[in-house]
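The block underneath contains the structure these notes are about, expressed in structure tokens.
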Amino acid sequence: MIRQALAEKGRFAQDGFRFRGKEVSRVEGFSDCVLGFALTLLVVSLEVPKTFDEMLKTMGGYAAFGICFAFLISIWFNHYTFFRRYGLQDNITLALNAALLFVILLFVYPLKFLFNNLVFTSSASGEVPIRPEQIPQLFVIYGLGYAAVYIILTLLYTHAYRQRAELELSPLESFDTVNSILGNLISMTVPLLSVVLAMTLPLGSIAIAGWIYFLLAIFKTAQGAIMGRRRRKLLAASA
């Protein structure tokens, strides 16, 4: 199991953050099964192509699959990091984890539909997969699903921060926890902004609701630069 292998490799600390979750729990094992099922739902085609033309058509969906796969893996790694760092198994953590898995399963098909239609413009029957007046609704559904994932991750890290005394977090570990909360808040805010734009912009300008996601790269880069500099100062002071 990948999670177990990573836990064994970095069993005690990672970049100055002590691991409190040293064993893979049943909650994590169940979460891995659910995420694995979600990845299965993203598979381009479960049936082996019978002709070369069918194979070429199937391969056309690999780009969309790759984007969706990368998104789910990023969520999985965020989840893995949380449980390794804090090792929490209380009722609030279990409830938030269940909510996260529920949202991911609901989010899979809108995610796949959106990125498939960045590659294809028509279905196999030649039918247009989405009408122009439906595009704002698609952005709303996608944005709410995206935001919901990171709202729950924000709540998980906030719950851990509130228990920093019980967890005996060092000043550096507390700083990293706050940094994780900030990163998840950024990932939550941008899709909510996209939802607002999708609900208010005229149809001719609706593409802005999609382009707005590039703000994630800008904000994340700024966060990495600012918080990275502060972290280095804190690390130097503690050393």
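Positions are given from 1 along the sequence.
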Discussion item. Return the CZ to CD distance between Arg164 and Glu173, rounded to the nearest 0.5 Å.
Written reply: 13.0 Å

Discussion item. How long is the straight-line distance from CG of Asn184 back to CG of Leu156, given to the nearest 0.5 Å?
Written reply: 9.0 Å

Classify the angle between the aromatic ring planes of [X] and [Y] as parallel (below 30°), tilted (30 to 60°) or perpendicular (above 60°).
X: Tyr80; Y: Trp76; result: parallel
X: Phe214; Y: Trp211; result: parallel
X: Phe82; Y: Tyr157; result: perpendicular
X: Tyr142; Y: Phe107; result: tilted

Item to complete: Taking all heavy atoms of Val27 and all of Ser31, pick out the closest pair and write down the distance.
Response: O-OG, 2.7 Å

Worksheet item: For the residue pair Val149 and Ile104, what are the closest heavy atoms and their distance?
Response: CG2-CG1, 4.4 Å

Please confirm whether the backbone N or O of [Y] pairs with a side-chain atom of [X], one donor and one acceptor, at under 3.5 Å?
X: Thr221; Y: Ala217; answer: yes
X: Ser194; Y: Ala209; answer: yes
X: Ser74; Y: Phe71; answer: yes
X: Arg84; Y: Gly21; answer: yes
X: Lys112; Y: Cys68; answer: no

